[in-house]
Amino acid sequence: MPSQINFFRCDCKQDISESLFGLVEDIPARVSLNSSEMWDAIVENNDNHILSFTPIDHKFDLRRNGEQAKKIDAMLHILTKIIILVELKAQNDKFAFFTDANKQLKSTIDFIKEYNQNELSAFQLKYAFIANRVRPINHSISVTHTKNFLKLTGFILQVTKDSPNNLININALLDPFSSFEK
């Protein structure tokens, strides 16, 4: 394993400020501005914040005990305001997709903490998203599971199946209480 991996300073990072774009599970994951293409998750960025997009899977060689580690598809962040880790899925099994994605998120968070703890600790808001394009009927994640994930990782876990079209709403994440002000 390389002595130093930096998830925040890499050649594969791309800045994007579009108000609406898609994330596509590809090799590696990528941003799409083509609305006619099937998007695995939709990012709504109404205030046109400059988001940094970094594909993780197929871009970083992460290993534990010589074995290839589980990794998420992508990371989005705005300076040190917010970091959003995204695992994109297209699975029908309502439990397998959640279990697999949960493992990938935890594994990637461990690597980010190991190699980029200083950068990670600067973020004010930390989210982990599971976006399943197939969206099988599934129970909402329990409050207990969400609390345990937050306690273990420091990230707020969200499953986008609860939102239409696997939406990741940047403004709502930056100001989680904005919907109560209306």
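Residue numbers start at 1 and run along the sequence shown.
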Heavy atoms of other groups near Leu33 CG, more than 12 under 6.0 Å: yes
Test side-chain contact (heavy atoms from CB on, under 4.5 Å) applied to Gln4 and Asn116, step by step: CA-CA 9 Å; Gln4 185 60 28; Asn116 303 131; 3.8 Å; yes
Same apolar cluster: Leu157 and Leu152, side chain cutoff 4.5 Å: no
About how many Å separate [atom2] of [Y] and [atom1] of [X], when rounded to the nearest 0.5 Å?
| X | Y | atom1 | atom2 | result |
| --- | --- | --- | --- | --- |
| Ile109 | Ile72 | CD1 | CD1 | 7.5 Å |
| Lys13 | Met75 | NZ | CE | 8.0 Å |
| Asn166 | Ile130 | CG | CD1 | 11.0 Å |
| Ile16 | Leu76 | CD1 | CG | 9.0 Å |
| Ile170 | Glu44 | CD1 | CD | 9.5 Å |
| Asn45 | Asn171 | CG | CG | 6.5 Å |

Evaluation steps, side-chain contact (heavy atoms from CB on, under 4.5 Å), between Thr153 and Lys106: CA-CA 7 Å; Thr153 66; Lys106 286 178 180 176; 4.2 Å; yes
Partner set under ring-ring contact (aromatic ring centres under 6.0 Å, His included) for Phe149, not counting sequence neighbours: none
Residue pair [X] / [Y]: nearest heavy atoms and the distance that separates them:
| X | Y | result |
| --- | --- | --- |
| Phe123 | Ile78 | CE2-O, 4.2 Å |
| Leu167 | Phe129 | O-CE2, 4.4 Å |
| Cys12 | Thr54 | SG-CG2, 3.9 Å |

Pairwise ring pair (Phe, Tyr, Trp, His ring centres under 6.0 Å) hits with a residue in residues 49-68, at least two apart: Phe7-Phe60
Sub-4.5 Å side-chain heavy-atom contact between [X] and [Y]:
| X | Y | answer |
| --- | --- | --- |
| Phe155 | Leu105 | no |
| Leu62 | Ile5 | yes |
| Asn148 | His145 | no |

Would the distance check show the side chain of [X] and the main-chain N or O of [Y] forming a donor-acceptor pair, the cut-off being under 3.5 Å?
| X | Y | value |
| --- | --- | --- |
| Ser52 | Asp15 | no |
| Asp40 | Asn132 | no |
| Asn65 | Glu67 | no |

Ring geometry between Phe111 and Tyr115 (parallel below 30°, tilted from 30 to 60°, perpendicular above 60°): parallel
Side chains of residues 17-31: which donor-acceptor partners sit under 3.5 Å, not counting sequence neighbours?
residue	atom	partner	partner atom	Å
Asp26	OD2	Arg30	NE	2.8
Arg30	NH1	Glu37	OE1	3.4
Arg30	NH1	Glu37	OE2	3.2
Arg30	NH2	Glu37	OE2	2.3

Set of residues satisfying salt bridge (charged side-chain N to carboxylate O under 4.0 Å, His left out) with respect to Lys71, sequence neighbours excluded: Asp57
Test side-chain contact (heavy atoms from CB on, under 4.5 Å) applied to Gln68 and Asp61, step by step: CA-CA 7 Å; Gln68 189 69 29; Asp61 184 24; 3.1 Å; yes
Residues that Ser36 engages under side-chain contact (heavy atoms from CB on, under 4.5 Å), provided they are two or more places apart: Asn34
Test: Glu119 and Lys113 ion pair at under 4.0 Å: no
Anything under 3.5 Å between a donor and an acceptor, one on a side chain of residues 79-87, the other on a protein residue two or more places apart or in another chain? List them.
residue	atom	partner	partner atom	Å
Glu87	OE1	Asp73	N	3.1
Glu87	OE2	Lys89	NZ	3.4
Glu87	OE2	Gln104	NE2	3.3

